[in-house]
Structures are given as structure tokens and as C-alpha cells.
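One structure below.
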Amino acid sequence: MSFGVRAARPVMAIAIVTTYIALHVAITAGLDRQTRDRFHDAPAQAAAFAAALDRYAGGDQPARAEILERNAWFERNAPLTASRSTIAAATDHADHAEHAEHGRFPAAREQTGKLAAETRQDQQKLDQDLDSSSTAALWWAVAAGALIVPSLWLRHRRRAAAAEIVEAVRPFVPHQPWWRRPVFLTVNAAGYGLFAAGAIGISTLERGHRLALGVLAHSMLGSLLTLGIRGLLLLGSLLVLWAGFLTLRYSRPRAARPKPCSPTAAGPCSTCAASPTTTSPHRSTTPSPSTSIPGRSSS
């Protein structure tokens, strides 16, 4: 067997791993783009928050609802950045209006004074993260594409090299019912779906994004719920990935396309005709007296 045929499996394994990493990096780039796009309106939201805080400090009570609304927007759309922390701290100060006489409003307004600069810095950091992940995704996609073509070619050569062995053992393969392959193809597709779902779930959880739980992210209850739910989702993703692997391990060999030895109108098939000493479904298993056995002379 040539070196190219022997290298088919290692090259295919490297191509699969490279493709998985490329998909993982592409998902990361997609999440970075989504985060950047959701944070696009942050400067306007920060300016509206500062204006509402100034009105609330001047005695405008309805401005408190707008302060809470802007804070909720940052909790939904902003990652764990400096601007989000400043908004949360300023909201906490302004929410205790009874302490205004003790200087809580001046502290909140002092914090919002640097909010515009922090928002711009956060946007620049998100742009840098997106550029980095997009570049990595592009290079990994190029590497995966460069490996897929030779791996498929080597796989074709390996199958061609094993064709003679397959033809030799095919007459001994028992006949399979017509419904066997469609059933195992369905099971095979389900296995691929489970495997992909588990892999994507693990990749997404590795990003460490905050889950939307409807609670404040800075509260102890929110942190515990987030950690617990992420742990359960990670365990579930691992179980789904393992279930997909076991399903594929069982179904892939049974989903192979059968090519039974079938006779023609003129006589037995080419495999049976080419192998007179081979036991096949179309030949008698009892050797005839005229059949010569290699290594022995006829008496």
C-alpha cells in the first residue's frame, strides 16, 4: 500500500480537527460581531442616561424611570465593560434618593462625567476583538479548505485500493433487507445532528457570555443562577456530544451502501465468473470433481 493511501486517515483526521477549529473561531467571530452591533447605540444611551440623571438630581421624579430604562439597556446589550459598571454604580447611587442630602447625587454625576470616554474605549475594544476573531476565522477557514481537498482525494485513492478486497469478500456478505440502509441513514443523520449540537453548545458556553436570566448581573443571586445554569448547559452539551459520537459509531458502518452480487441474464455476475473457486450465492458450495485445488495435482 502506497504512502498516499496510508496517509489518508491521518490527513482526514487533521482536516476534521481543522474544520472544527475553523467553525469554533467562526462562531466566536459571529458572537463578537453581534456584541459589537448591539453596543453600537451605547454613546446615545449614555448621553440620555447622563441627561436623565441631571434632571433627577434637579427634582424631576419621572426621570427616574428613564434612568432605570437606560440601565436596563446596558444590562441587555453591553458586555462586562467599564461603561456598564459605571452605569450600574450611578444607578445604584441615584436609586437611593433619600441619601441625596449625603452627597449621593454628586457622586453619581461625577461617575457619569467619564462615561462618554469609557463608552468610546469600550467600542474600540469591541472593534479590536472583532477584527482579531475575523482574521483568525479567515485563516482557519483557508487552512480547512486547503486540507479538505487532498483529504477527499486520498480517501478516494484508499477506497479504490480496497476495491479488490471488497469485491472478493462481497459474495460472502449476507443479503440485507431493503429498509436497513434508509433506517441507519436516518439514525446516522440524527447522530451528526447530536454531535454538531453538542459541539456548538460547548463552543458557545466557552465564550463565557452572560445569560439573560431577567435578574441583575451584579447581584449575588444572578451570579449563582448564571453559574449554575451554565454548568448544567455544559454538562448537557457534553452528554449530547457523547450521545452523537456513540450513535455515529454504531450507525455509520451499517449505513454503508450495499452492493450485492447479482447475476445477469447471461449467467453469474462478473465476480462469480472471475472467481471459480469462490463460494457465492449463485454457485454451489460443493466443489465439482473437475475443480482443481491449488497446490495439489489431480489424481
Side-chain angles (χ1 to χ4, degrees), residues 11-51 69-91 111-152 195-213 216-218 222-223 226-227 229-231 233-234 237-238 241:
V11 173
M12 178 63 74
I14 295 174
I16 292 174
V17 173
T18 306
T19 304
Y20 171 77
I21 296 176
L23 290 174
H24 176 80
V25 178
I27 292 173
T28 301
L31 292 175
D32 287 342
R33 179 176 294 278
Q34 182 183 17
T35 302
R36 196 277 308 269
D37 293 342
R38 292 174 63 182
F39 197 71
H40 177 73
D41 198 31
Q45 295 289 333
F49 178 86
E69 180 182 354
R70 306 303 177 185
N71 179 49
W73 185 92
F74 271 87
E75 287 183 354
R76 291 192 309 267
N77 301 285
L80 296 177
T81 56
S83 58
R84 175 178 166 179
S85 301
T86 300
I87 290 286
T91 303
Q111 287 179 333
T112 56
K114 56 183 179 180
L115 184 59
E118 290 177 348
T119 304
R120 288 193 299 269
Q121 292 176 359
D122 292 340
Q123 283 186 323
Q124 292 176 358
K125 184 178 183 303
L126 292 177
D127 289 336
Q128 293 174 358
D129 292 343
L130 178 58
D131 292 339
S132 176
S133 59
S134 299
T135 303
L138 177 62
W139 283 109
W140 278 106
V142 171
L147 285 172
I148 286 176
V149 175
S151 64
L152 293 177
F195 192 87
I200 293 175
I202 294 173
S203 300
T204 304
L205 289 173
E206 284 177 355
R207 291 281 302 160
H209 282 288
R210 178 182 60 88
L211 300 179
L213 300 176
L216 295 178
H218 58 269
S223 301
T226 302
L227 183 61
I229 291 182
R230 287 188 63 215
L233 290 178
L234 179 60
S237 299
L238 289 173
L241 183 69

Testing the basics here: between [X] and [Y], what is the closest heavy-atom pair and its distance to 0.1 Å?
X    : Y    : answer
V25  : S133 : CG1-O, 3.8 Å
A199 : L241 : N-CD1, 3.9 Å
P43  : Q123 : CD-NE2, 3.4 Å
S151 : I148 : OG-O, 2.7 Å
F74  : F39  : CE2-CE1, 4.2 Å

Open item on the list: Is the shortest side-chain heavy-atom distance between Q121 and S83 below 4.5 Å?
Closed with: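 They are not in side-chain contact.
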Open item on the list: Could you tell me if the side chain of I87 sits less than 4.5 Å from the side chain of R70, heavy atoms only?
Closed with: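 No, their side chains stay 4.5 Å or more apart.
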Return the [atom1] to [atom2] distance between [X] and [Y], rounded to the nearest 0.5 Å.
X   : Y    : atom1 : atom2 : value
I21 : I16  : CD1   : CD1   : 12.5 Å
Q45 : H40  : CD    : NE2   : 11.5 Å
T18 : L147 : OG1   : CG    : 5.0 Å

Open item on the list: If the threshold is 4.0 Å, N to carboxylate O, is there a salt bridge linking D37 and R33?
Closed with: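 No, D37 and R33 are not salt-bridged.
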Open item on the list: Looking at R38, I want to see if its CZ is surrounded by more than 12 non-hydrogen atoms of other residues, nucleotides or ligands under 6.0 Å.
Closed with: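 Count over threshold, so yes.
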Identify every side-chain donor-acceptor pair in residues 134-142 under 3.5 Å, counting partners at least two apart or on other chains, and give the distances.
from: S134; atom 1: OG; to: L130; atom 2: O; distance (Å): 2.7
from: T135; atom 1: OG1; to: D131; atom 2: O; distance (Å): 2.8

